[in-house]
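Below: the structure, in structure tokens.
Convention: sequence-line order gives letters A, B, ...; per-chain numbering from 1.
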Amino acid sequence: MASETDHSLGEAVAARIERRWATLSIVIVGVLVGMATYIGIHQATMPQGRVETADPKTLHLSGEFVESNLGSEMQADGSVTVRAIGQQYSFTPQCIVVPAETPITFRATSADVVHGFLIEGTNINTMLVPGYVTDLPVRFKAPGDHVMPCQEFCGIGHQGMWGKVKVIDKAAFRDMAAAKRRLTCVD
Amino acid sequence: MSDQPLFSLRNPWFGASVGITAAIAVLSAVAGLIWLPLAQPNLKLAGVWDAICSAAGVPRAAVQETGIKPDFKTSNVVMTSEMLTKVNQVSIGRGATLAQRCAICHGPQGVSDAHSPNLAGQFAAVTYKELNDFKTGARVSVVMSPFAAAMSDQDMKDVAAYYAYLPRVPSNNLDTGRPAPVIVVTGAPMRNIAPCGSCHGDVDNKAGSPWLGGQSAVYIKAQLEAFASGARRNDISQQMRNIARQMTADEIDQVAHYYEAQP
């Protein structure tokens with residue numbers, strides 16, 4: 001009789017413990033999913049929304065990555081689109097000029113191997129993969145100069161590959177954009 | 001409990017765990033595939049199905065926007081590392097005949113002292129690209145442009161194959177003991193200059209980059225200055241202009257004389 005009571009008591013304890021552990025693991029999964037959602041919405045991580053392709057061998061022949069179309073473009077809605085390519089062993093344009101406090105979209109790709117796209121002093125850090133277009137919405141808070149080193153080993157001349165990003169005042173940029181349709185700060 | 005089947009809907013543990021797992025999966029999918037993409041206004045999604053496809057990574061070709069066309073001729077050569085690397089005897093033979101008209105400047109054996117490029121042993125893809133650029137007007141030379149204008153695509157490939165077949169001959173200025181300048185070996189990383197050798201041989205070769213050993217110093221200097229000033233613009237996507245712009249006059253001088261002295 002006594003052993004029967006012990007058995008049902010043990011069963012109740014086991015059920016309670018199992019329920020608690022199950023709840024805890026569900027909460028952990030829920031927190032992780034919620035965390036990913038939160039940082040996704042607040043752009044702490046910027047996973048690319050679209051997969052776009054571009055043939056690395058023919059970037060210079062047609063499309064948006066021809067030499068004369070690279071650089072910063074003022075859009076009708078006041079935002080700025082910057083187009084650039086990475087190649088062994090430089091970025092074109094070598095110096096990118098953008099306005100502060102303005103929504104900016106970087107569109108870039110690689111003409112040969114995988115390159116890195118990192119702007120020092122910001123959380124902008126992605127890869128330029130041959131065949132695919134990297135599309136990154138960003139915003140610079142204040143004017144200033146940043147360096148943009150290739151952060152992905154791209155060959156024997158990798159250490160010499162970097163560009164500059166010059167963030168300038170919004171009004172100054174608007175004046176520049178009035179005179180020229182694609183802006184760079186290459187001297 | 002032990003006599004109850006484990007995988008059964010009558011088992012409340014089974015029902016609850018499968019139900020909760022499925023609910024988490026569905027909620028995560030809705031968040032990741034629909035909510036998050038739609039929360040990005042710059043994606044300009046056409047609807048729920050578009051959001052799901054783009055979040056799942058269905059590739060699409062980049063929109064061919066009407067960008068700004070160049071106001072000068074750019075190279076239209078599609079450069080690959082395999083380009084013209086297969087030896088073809090017929091092509092070499094035709095090229096030998098065609099190359100007779102090149103001999104007055106480039107030498108009967110592809111080597112001369114006329115400060116024109118020495119073509120013997122040059123990569124076929126390089127000679128072909130430059131001929132093609134002269135023909136299309138991406139590169140301009142009062143001497144070369146008229147020659148290239150009359151050549152067919154096959155002619156250019158044949159001439160390129162012939163010169164690639166000729167053995168390299170050291171120039172009269174050969175001096176293998178000459179120390180390599182810093183810019184050739186390590187570049188100038190602080191000025192976005194990769195080592196010359198990382199594309200032009202010795203260390204590595206990038207498709208389309210010429211072999212520079214034994215070239216005339218006068219010629220190398222003139223080309224670097226033309227790239228730096230933007231007078232020469234047939235380098236695809238500014239790959240050489242980006243480098244030459246950053247080089248000092250002294251560095252240009254050093255590399256010109258260094259490469260002239262190399263085999």
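Your options are B/Ala61, B/Ala39, B/Ser237, and the one with the most heavy-atom pairs under 4.5 Å with chain A is B/Ser237. Listed options A/Gly30, A/Ala54, A/Pro137 were ranked by heavy-atom pairs under 4.5 angstrom with chain B; first place goes to A/Pro137. The candidate from B/Gln40, B/Lys206, B/Met79, B/Arg191 with the greatest count of non-hydrogen atom pairs under 4.5 Å with chain A is B/Lys206. Comparing B/Asn192, B/Thr80, B/Leu36 by heavy-atom pairs within less than 4.5 Å of chain A, the highest count is held by B/Asn192. In terms of heavy-atom pairs under 4.5 Å with chain B, the best-connected choice from A/His158, A/Glu52, A/Met161 is A/Glu52. The candidate with the highest count of non-hydrogen atom pairs below 4.5 Å against chain B, out of A/Thr109, A/Val186, A/Val51, A/Asp55, is A/Val51.
Heavy atoms of other residues, nucleotides or ligands lying less than 6.0 angstrom from OH of A/Tyr132 number 12 at most. Around the CG atom of A/Leu118, the shell of radius 6.0 Å holds more than 12 heavy atoms that belong to other residues, nucleotides or ligands.
Ion pairing of A/Glu67 with B/Arg241 is present here, as a side-chain N (NZ or NE/NH1/NH2) and a carboxylate O approach within less than 4.0 Å.
To the nearest 0.5 Å, the span separating CG on A/Leu32 from CD1 on B/Ile24 amounts to 10.0 Å. Here CG of B/Asn76 is found 11.5 Å from OG of A/Ser62. Values are rounded to the nearest 0.5 Å.
For the pair B/Ile68 and A/Glu64, the minimum side-chain heavy-atom distance is 4.5 Å or more. Between B/Thr74 and A/Val66 the shortest side-chain heavy-atom distance does not fall below 4.5 Å.
Within residues 71-95 of chain A, the residues having any heavy atom less than 4.5 Å from a heavy atom of chain B are, in residue-number order, A/Arg83, A/Ile85, A/Gln87, A/Gln88, A/Tyr89, A/Ser90, A/Phe91, A/Thr92, A/Gln94.
With hydrogens and angles ignored, the 3.5 Å screen pairs a side-chain donor or acceptor of A/His60 with a backbone N or O of B/Val77. Between the B/Trp35 side chain and the A/Thr37 main chain, no donor and acceptor come within less than 3.5 Å of each other.
A/Leu61 touches chain B through its side chain: at least one heavy atom from C-beta onward sits under 4.5 Å away, while N, CA, C and O do not. Neither the backbone nor the side chain of B/Pro37 comes within contact range of chain A; no heavy atoms are under 4.5 Å apart.
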